[in-house]
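Quick notes on the structure that follows.
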Amino acid sequence: MTAQIVKKYLDLTYPILLSEINHTEFGTLVKSNLTSKYYNNFWPKKLLTPKALETVKSAFKHDKFTWQLDLGDKSGIDNLNFLVASGYKSLDTEAWQVVNTEERQLLSTDFSGITDINLGNYFKFETVLKEFFKHTHRPKYFLEVCKISLNNYSTGDLSSIIVMEKAGKIVAAMGFLYSPHKHFAHVHFILTLPSATETKDHLSLLKYAMQNSQKTIAKELLCITTFGSEYWSDLAALGFETTNIYAVLG
Amino acid sequence: MKHKKFAISIKGGAAKGLGAIGVVRLFQEESLQPEVIAGSSAGAIVAAMYTVGMKWFEMSRFVSQFKLLKMVNIRSIIKGSSVIGEQNLREIFSNYFDPDLRLEDLPNKLVIFTSNPKTNTRVYITKGNLITALMASMAYPVILPSPVNHSGQYLIDGDLTSSYSTSYLKTYGVESVIGIRSQSPIPNLRKNAGYLSKINKVYGMLKDGIGINADLADPCDYEIVFNPKGQSLLNFGGVGDTSDRVYAQALTHKGDIFKVLDVSAD
């Protein structure tokens with residue numbers, strides 16, 4: 001189950017964002033120019049050894065990279081111990097939450113204030129992004145990738161972006177990828193500005209994504225969270241189930 | 001997917017014509033990317049939504065916001081201009097299209113068909129303000145603001161010079177043109193029908209007559225005619241359900257479309 005979700009996630013997310021993906025005997029290597037914690041990532045599929053560590057390091061050469069460890073199985077825990085002993089530090093812990101949208105009732109929430117982004121109103125998305133990245137000065141590439149993906153159908157996957165507006169000010173944005181043939185959707189990113197009521201607004205955006213999924217007959221919607229248990233219980237109330245917990249090391 | 005370079009040309013038909021969203025869904029889901037998207041009237045709205053990157057489910061949501069009663073403008077009726085006010089229409093479009101967006105700034109080619117009543121000819125809009133171009137393409141006399149001034153020309157409904165304009169679209173280097181339109185059964189002109197209904201039916205007969213002759217002279221490479229059964233001309237809230245039904249019809253064309261476009265895996 002988990003392996004299938006991971007495969008769908010990689011298939012769906014990375015064709016748009018990555019520059020290279022390799023499946024090696026040690027695991028899956030993902031190279032991306034995207035400026036995020038997921039850029040240059042390695043997913044080990046079995047127990048790591050000093051030789052595997054060197055192989056992965058040389059594959060990335062001088063680039064920084066992160067490890068994504070599945071903590072749901074024994075090799076994940078052993079890899080965690082091995083990497084920590086090798087000097088790697090935990091950057092994050094993330095929960096992969098999946099909801100089967102097919103089984104859910106169509107949500108009848110009031111979605112006023114949420115707008116679908118297209119190339120005609122893209123400036124609304126730019127507003128959030130520039131504010132969100134104002135201290136890192138890195139929105140340009142991200143903006144371009146999102147813009148291209150909005151009307152690029154050649155990958156077979158469809159990309160949607162929505163923004164949330166409150167009192168005339170845009171406070172949050174969410175990216176959503178859908179693969180018609182895989183019947184799988186993935187919440188690609190959620191960006192909230194300090195003016196948003198974080199948990200409540202995240203949930204509204206997620207409900208909107210769920211409703212989109214239902215229209216697109218996506219059977220599963222994946223959302224990766226790094227939030228506390230309170231938020232998880234809200235997600236559980238929407239029907240999300242935690243498929244696994246991942247540790248991200250770098 | 002690898003395929004021939006192609007254009008899509010979509011005819012209008014108010015809320016019935018918007019059922020074409022169901023056909024667009026097939027193209028989006030099958031990774032078939034047109035080089036040029038063109039349309040007249042309601043077809044121009046679908047073409048514009050497609051070109052700016054809206055997904056079919058977003059299109060349905062957008063057009064369901066067209067509430068006729070909210071668009072009716074009493075002042076405009078009293079003035080004798082049109083039933084639907086120009087400002088009301090612009091405001092609705094502005095929710096989804098940047099009011100300053102121009103056709104030449106779009107990443108993919110969009111052609112909006114309109115008609116010049118003075119010269120009795122079709123006008124192809126490829127530049128200028130998008131919202132004004134859309135309003136020109138759907139400038140249905142009496143009901144909608146018309147004529148619309150676009151780049152110095154006074155233009156009306158593109159469906160009046162109804163055609164897929166295949167030869168014109170092929171000047172953009174596409175090998176095939178796929179035509180999309182809703183079925184238009186011969187209207188039954190009842191004696192006690194309302195005046196708007198009568199105008200619409202007579203108008204429909206005129207433009208269909210023009211369209212049949214134009215398409216015989218300049219046929220598209222493949223035509224998808226869908227049946228918007230149950231969809232009324234002005235119930236925009238029902239377009240989502242209609243486009244779902246049209247999608248099911250479009251799927252029956254999938255094999256033929258793949259043949260026409262010579263589709264193969266990468």
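Reminder, nothing fancy here: chain letters follow the sequence lines and each chain counts from 1. No hydrogens, no waters, no symmetry mates; every other heavy atom, side chains included, goes into these values.
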Return the CZ to CG distance between B:F57 and A:L158, rounded to the nearest 0.5 Å. 6.5 Å

In this structure, CG of A:N151 is separated from CD1 of B:I37 (nearest 0.5 Å) by 8.0 Å

Please classify the contact of B:F62 with chain A as side chain, backbone, both or neither, using a heavy-atom distance under 4.5 Å. neither

Using a cut-off of under 4.5 Å for heavy-atom pairs, which of A:L150, A:D116, A:I117, A:N212 has the most such pairs with chain B? A:D116

Rounded distance [0.5 Å steps], OH in A:Y153 versus CD in B:Q33: 7.0 Å

Would you say A:H181's side chain and B:E29's backbone share a donor-acceptor pair under 3.5 angstrom? yes

Which one of B:D105, B:V52, B:T51, B:N108 satisfies the side chain to side chain contact (heavy atoms under 4.5 Å, CB included) criterion with A:L119? B:V52

Per-residue contacts, residues 251-263 of chain B versus chain A, heavy atoms under 4.5 Å: none

Between NZ of B:K55 and CZ of A:F176, what distance do you get to the nearest 0.5 Å? 10.0 Å

Rounded to the nearest 0.5 angstrom, the CD-OG1 distance for B:E58 and A:T216 is 10.5 Å

With a cut-off of 6.0 Å (strictly less than), are more than 12 heavy atoms of other residues, nucleotides or ligands near NZ of B:K5? no

What part of B:N95 lies closer than 4.5 angstrom to a heavy atom of chain A: side chain, backbone, both or neither? backbone

Can you tell me if B:K229 has over 12 outside heavy atoms packed within less than 6.0 Å of its NZ? no

Does B:Q65 CD have over 12 foreign heavy atoms under 6.0 Å away? yes

Report the distance from atom CG of A:D157 to atom OG of B:S31, rounding to the nearest 0.5 Å. 7.5 Å

Would B:D98 and A:Y122 count as a side chain to side chain contact (heavy atoms under 4.5 Å, CB included) if you check the C-alpha gap in whole Å, the side-chain angles of each, and the deciding distance to 0.1 Å? CA-CA 8 Å; B:D98 179 354; A:Y122 199 69; over 6 Å; no

Please indicate whether A:K169 has more than 12 foreign heavy atoms, meaning atoms of other residues, nucleotides or ligands, lying under 6.0 Å from its NZ. no

Can A:N118 and B:M59 be said to form a side chain to side chain contact (heavy atoms under 4.5 Å, CB included), step by step? CA-CA 11 Å; A:N118 60 64; B:M59 296 179 190; over 6 Å; no

